[in-house]
Every structure is written in structure tokens, then in C-alpha cells.
Amino acid sequence: MKKLTFILLSVVLAAMYLNTAVNAEEKDDNGGVLSLRGNTELSDKSKAEEMKNVQRDQEPISRDYLHQPPLIPHQTRNYRINTNSNKCLSCHSWKNYKRSGATKISLTHFEARDGQQLSDVSPRRYFCTQCHVTQADAKPLVKNEFKPVEELSNQD
Ligand code: HEC
Ligand code: HEC
């Protein structure tokens, strides 16, 4: 009887060990989940995307919904934004927009978090490219059936 218990116990322990070993291996497997970074193991680095060609300078692009940050219709390569300078404001600030022919930043860009109106661009609107982005001829990453608000279209 003792012998039988011993054998049974060994079998159970071996099974438990095998089970954890298999689980440990599975940790490295993404389980076939297809994410935007492709079918890449979680522990691997995915391949960097090739740089996209930003579209040439063009007319302002129609907005798709009311509070959309307008898309940037021009190149922005080497336009630096840091504590010392903001290249975007050299054209888009209220001081400079007339000279450069650019749209001036709207009133919302002067509003601080608590609704206080500042006399210069608000820190939360300082890093322009956080919200405004350039355009490239890129395939959408996910299927999307969004339809722009017709009333806002200023094209064709
Ligand atoms: C050399 C001047 C210049 C610089 C620098 C510049 N822009 Fe512009 N930007 C323009 C001009 C000119 C337009 C087009 C205005 C027009 O045709 O009505 C424009 C258009 C835009 C628009 C579209 C506005 C709209 O109503 O659709 C956005 C958004 C924009 N720029 C953001 C930026 C951002 C963000 C940066 C910095 C990364 C930047 N710009 C740097 C000159 C500049
Ligand atoms: C937190 C997001 C955010 C940041 C950061 C931001 N913007 Fe905007 N911007 C918007 C939104 C949203 C709109 C459209 C609604 C509005 O005017 O607030 C807009 C509108 C604009 C417009 C069009 C204004 C008009 O009268 O049609 C310009 C030009 C612009 N932004 C330039 C800039 C520049 C330059 C910076 C950096 C100094 C900047 N934005 C930073 C969100 C942002």
C-alpha cells in the first residue's frame, strides 16, 4: 500500500512540475495575438518602421470634427520645440503670424488648466506636436469607418 501511495505521489508531483515547465515556456509566447507591432514575441524588439515621406506643403486640410486639432499641412523637419525656443511659434504666435502668413494660435492655446487666461501660450499647449501632426501617405493601421462631419468640409 505504502509503495502505491509513493508511486501515485511521484506521478502527481511529476505532472505538476511538467505543467509549470510548460507554463514557463508559454510566458515567452504571445499566444498568437496579432497586435499592431505584428506577431512579435513580447521579449523581442519589433523591426522599426521605415521613415514615411511627409507630404509637401499644401493648403490647410479640412477638419473632420469640431474640436479636432487641425492637421499640419507642411513639413516640420528640424522644427525644434524645447525650453529655449519653439519653432512653431516663430510663425504661429500672435506676434508673428501676420509676417509669416500662418494661422494664429486660437484663444484656447492661452488657457491654463484651471481656466485661467494667460497672456502667453499655456504650458499645456506648448508642445504643439503633441496634438498637431503632419501627414504621410500611410496605410491605416486598423480598419476604420469614420465619416467626417460634412458641415465642416471646406473642400470640393
Ligand atoms: C515658417 C513658418 C511656419 C512654421 C515654422 C510653422 N508653420 Fe504651421 N503653418 C504655416 C503656414 C504659412 C500655414 C498655412 C496657413 C494657410 O495657408 O492658411 C501653416 C499651417 C499650419 C496648420 C494648419 C492650420 C489650419 O487652420 O488648418 C497647423 C496646425 C500648423 N501650421 C502647425 C504648425 C506646427 C505644430 C508647427 C511646428 C512644428 C508649425 N506649424 C510651424 C507656417 C509655419
Ligand atoms: C493639447 C492639444 C494641443 C496643443 C498642445 C496645441 N494645440 Fe493647436 N489646436 C488644438 C485644438 C484642439 C485646436 C482646434 C480647436 C481650438 O482652436 O482650440 C487647435 C487649433 C490650432 C490652430 C488653428 C487655429 C484657428 O483659429 O483655426 C493652430 C494654427 C494651432 N492650433 C497651432 C498650434 C501651435 C503652433 C501649437 C504649439 C505652440 C499648438 N497648436 C499646440 C490643440 C492643441
Side-chain angles (χ1 to χ4, degrees), residues 16 18-156:
M16 276 166 73
L18 274 178
N19 197 22
T20 43
V22 167
N23 277 346
E25 258 171 44
E26 269 176 5
K27 258 192 196 151
D28 223 25
D29 185 270
N30 71 3
V33 174
L34 204 61
S35 73
L36 291 181
R37 65 199 285 268
N39 198 2
T40 312
E41 297 299 337
L42 291 176
S43 50
D44 291 345
K45 282 189 182 144
S46 42
K47 246 181 43 206
E49 282 281 325
E50 271 184 35
M51 294 274 278
K52 300 258 180 338
N53 275 331
V54 168
Q55 287 172 0
R56 284 160 177 272
D57 297 0
Q58 52 176 305
E59 290 291 300
I61 304 162
S62 286
R63 299 192 196 176
D64 293 332
Y65 56 94
L66 201 57
H67 288 284
Q68 178 196 350
L71 300 166
I72 308 178
H74 55 69
Q75 299 270 349
T76 53
R77 184 159 296 171
N78 301 329
Y79 284 4
R80 207 178 301 158
I81 307 174
N82 59 27
T83 30
N84 302 322
S85 65
N86 181 322
K87 178 72 179 169
C88 313
L89 287 174
S90 71
C91 290
H92 287 281
S93 69
W94 284 31
K95 193 172 167 191
N96 302 329
Y97 81 93
K98 272 196 184 143
R99 191 169 34 81
S100 65
T103 329
K104 64 178 187 296
I105 50 171
S106 52
L107 282 171
T108 56
H109 293 61
F110 295 84
E111 199 180 292
R113 191 171 48 184
D114 49 9
Q116 197 188 358
Q117 297 294 332
L118 309 177
S119 53
D120 199 355
V121 62
S122 165
R124 62 178 190 164
R125 292 278 169 118
Y126 186 77
F127 294 99
C128 320
T129 45
Q130 207 181 311
C131 303
H132 298 283
V133 290
T134 50
Q135 293 297 286
D137 190 13
K139 268 200 296 194
L141 290 173
V142 287
K143 201 170 160 246
N144 170 357
E145 289 168 359
F146 178 81
K147 295 235 180 356
V149 179
E150 224 174 81
E151 282 70 18
L152 294 178
S153 171
N154 60 9
Q155 266 152 26
D156 68 60

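- Distance check: T76 OG1 to I81 CD1 gives 8.0 Å after rounding to the nearest 0.5 Å.
- When all heavy atoms are compared, the tightest approach of Q75 to D57 is N-OD1, 3.0 Å.
- Distance check, rounded to the nearest 0.5 Å: SG of C88 to CZ of R125 gives 13.5 Å.
- Put simply, the side chain of V121 does not reach to within 4.5 Å of the side chain of S93, judged on heavy atoms.
- S122 and F110 get closest at one heavy-atom pair: CB-C, 3.9 Å.
- Closest approach of D64 to P148, counting heavy atoms only: OD1-CB, 3.4 Å.
- Dense packing is recorded around CD of Q58, with more than 12 heavy atoms of other residues, nucleotides or ligands lying under 6.0 Å away.
- Side chains of S85 and R80: no donor on one and acceptor on the other come within 3.5 Å.
- Here salt bridge (Lys or Arg N to Asp or Glu O under 4.0 Å) pairs that include residues 103-118, with residues two or more places apart or in two chains, are E111-R124.
- Taking each heavy atom of P73 and E59 in turn, the nearest pair found is CB-O, 3.4 Å.
- Not one N or O on the side chain of N53 forms a donor-acceptor pair closer than 3.5 Å with the backbone of A136.
- From N78, atom CG reaches atom NZ of K87 across 9.5 Å, with rounding to the nearest 0.5 Å.
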Stepwise side-chain contact (heavy atoms from CB on, under 4.5 Å) test for L71 and V133: CA-CA 5 Å; L71 300 166; V133 290; 3.9 Å; yes
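- To the nearest 0.5 Å, atom CD of residue E49 and atom NZ of residue K47 are 9.0 Å apart.
- Minimum interatomic distance between N82 and Y126 (heavy atoms only, all atoms of both residues): O-OH, 2.7 Å.
- For residues 132-143, the pairs satisfying side chain to side chain donor-acceptor pair (under 3.5 Å) are K143-E145, with sequence neighbours left out.
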As a quick check of understanding, evaluate side-chain contact (heavy atoms from CB on, under 4.5 Å) for I105 and Y97, giving each step before the final call. CA-CA 9 Å; I105 50 171; Y97 81 93; over 6 Å; no
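- Taking the six-membered ring for Trp and thresholds of 30 and 60 degrees, H74 and H92 have nearly parallel ring planes, at less than 30 degrees apart.
- Here the closest non-hydrogen pair linking P69 and C131 is CB-O, 3.6 Å.
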